[in-house]
Amino acid sequence: MVQGLRRAADPQRDPGSPVRTCVGCKTRAVIGELLRVVAVDGRLVVDERRRLPGRGAWLHPGPGCLAKAERRRAFPRALKAQGALDAAGLHHHPALAALATETGTGTYPEPTGIKEAGRPVMSQP
């Protein structure tokens, strides 16, 4: 029987690090790279300490992923909330607004033929 080769330390594949899926770009990342977003009284807020009760949606800190999540109406679906949620607070959050000026498009990670679950990610019209 062949023993599996030990892989180099990769945070994406480290079994000790929790991995979540960004609701914007649908790629998986270690939770340290993502922001947790929860619904509080019909508003979306960033849970910086990851301690607020209830379901959370995970988002890359970039306005590109935020825009995709809003366009897909991913927040109410991920949070299992009834009706629309107010995302105005997310647009003014420093983590989401700061990267908009640094990266240009704000998409995180950069779209370079990223595959998810072995399939290429389809571009949205």
Side-chain angles (χ1 to χ4, degrees):
M1 182 172 190
V2 177
Q3 296 288 330
L5 297 175
R6 184 176 178 93
R7 295 182 182 185
D10 182 4
Q12 294 290 333
R13 299 180 189 269
D14 184 13
S17 299
V19 176
R20 301 291 186 262
T21 302
C22 174
V23 294
C25 64
K26 304 263 185 171
T27 57
R28 294 171 54 92
V30 178
I31 63 169
E33 298 176 3
L34 300 171
L35 295 172
R36 184 172 186 258
V37 178
V38 296
V40 177
D41 297 330
R43 294 179 301 116
L44 294 173
V45 295
V46 175
D47 182 12
E48 295 182 15
R49 296 183 59 212
R50 300 177 185 142
R51 297 286 186 265
L52 291 177
R55 295 185 65 89
W58 297 85
L59 183 71
H60 278 114
C65 288
L66 176 59
K68 287 180 184 177
E70 287 180 320
R71 188 176 60 228
R72 294 177 180 158
R73 299 182 196 124
F75 287 114
R77 191 176 332 120
L79 300 172
K80 295 188 177 182
Q82 299 286 330
L85 297 171
D86 182 18
L90 295 180
H91 292 281
H92 301 296
H93 191 271
L96 293 168
L99 290 176
T101 58
E102 294 175 6
T103 60
T105 62
T107 302
Y108 183 87
E110 293 296 323
T112 56
I114 299 169
K115 290 186 176 183
E116 177 184 337
R119 301 181 308 258
V121 175
M122 304 295 288
S123 62
Q124 297 290 324

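Here the structure is a predicted model, which is why all the values come from computation and not from measurement.
- In this structure, the separation between CZ on R28 and SG on C22 is 12.5 Å, given to the nearest 0.5 Å.
- To the nearest 0.5 Å, the span separating CZ on R72 from SG on C25 amounts to 8.0 Å.
- Considering R50, R51, R55 in turn, R50 is the only one that fulfils the side chain to side chain contact (heavy atoms under 4.5 Å, CB included) rule with R36.
- For the residue pair V23 and F75, the shortest heavy atom distance occurs at CG2-CE2, 3.9 Å.
- In terms of heavy atoms, G24 sits closest to K68 at O-CB, 3.5 Å.
- Residue L66 is grouped with residue V46 when hydrophobic side chains (ILVMFWY) are merged at heavy-atom distances under 4.5 angstrom, including chains of intermediate members.
- Here the straight-line distance linking atom CG of L85 with atom CG of L44 works out to 4.5 Å at 0.5 Å rounding.
- The main-chain N or O of G42 is never found under 3.5 Å from a side-chain atom of D86 such that the two would form a donor-acceptor pair.
- No side-chain donor-acceptor contact under 3.5 Å links H60 to the backbone of G62.
- The closest side-chain heavy-atom distance from W58 to I31 is below 4.5 Å.
- Nearest heavy atom pair, residue G56 against residue V38, reads CA-CG1, 4.1 Å.
- Under the 4.5 Å side-chain heavy-atom criterion for ILVMFWY residues, no single connected hydrophobic cluster contains both V37 and L34.
- Side-chain heavy atoms closer than 4.5 Å link hydrophobic residues (I, L, V, M, F, W, Y) into clusters, and following such links, possibly through other members, connects L79 to L59.
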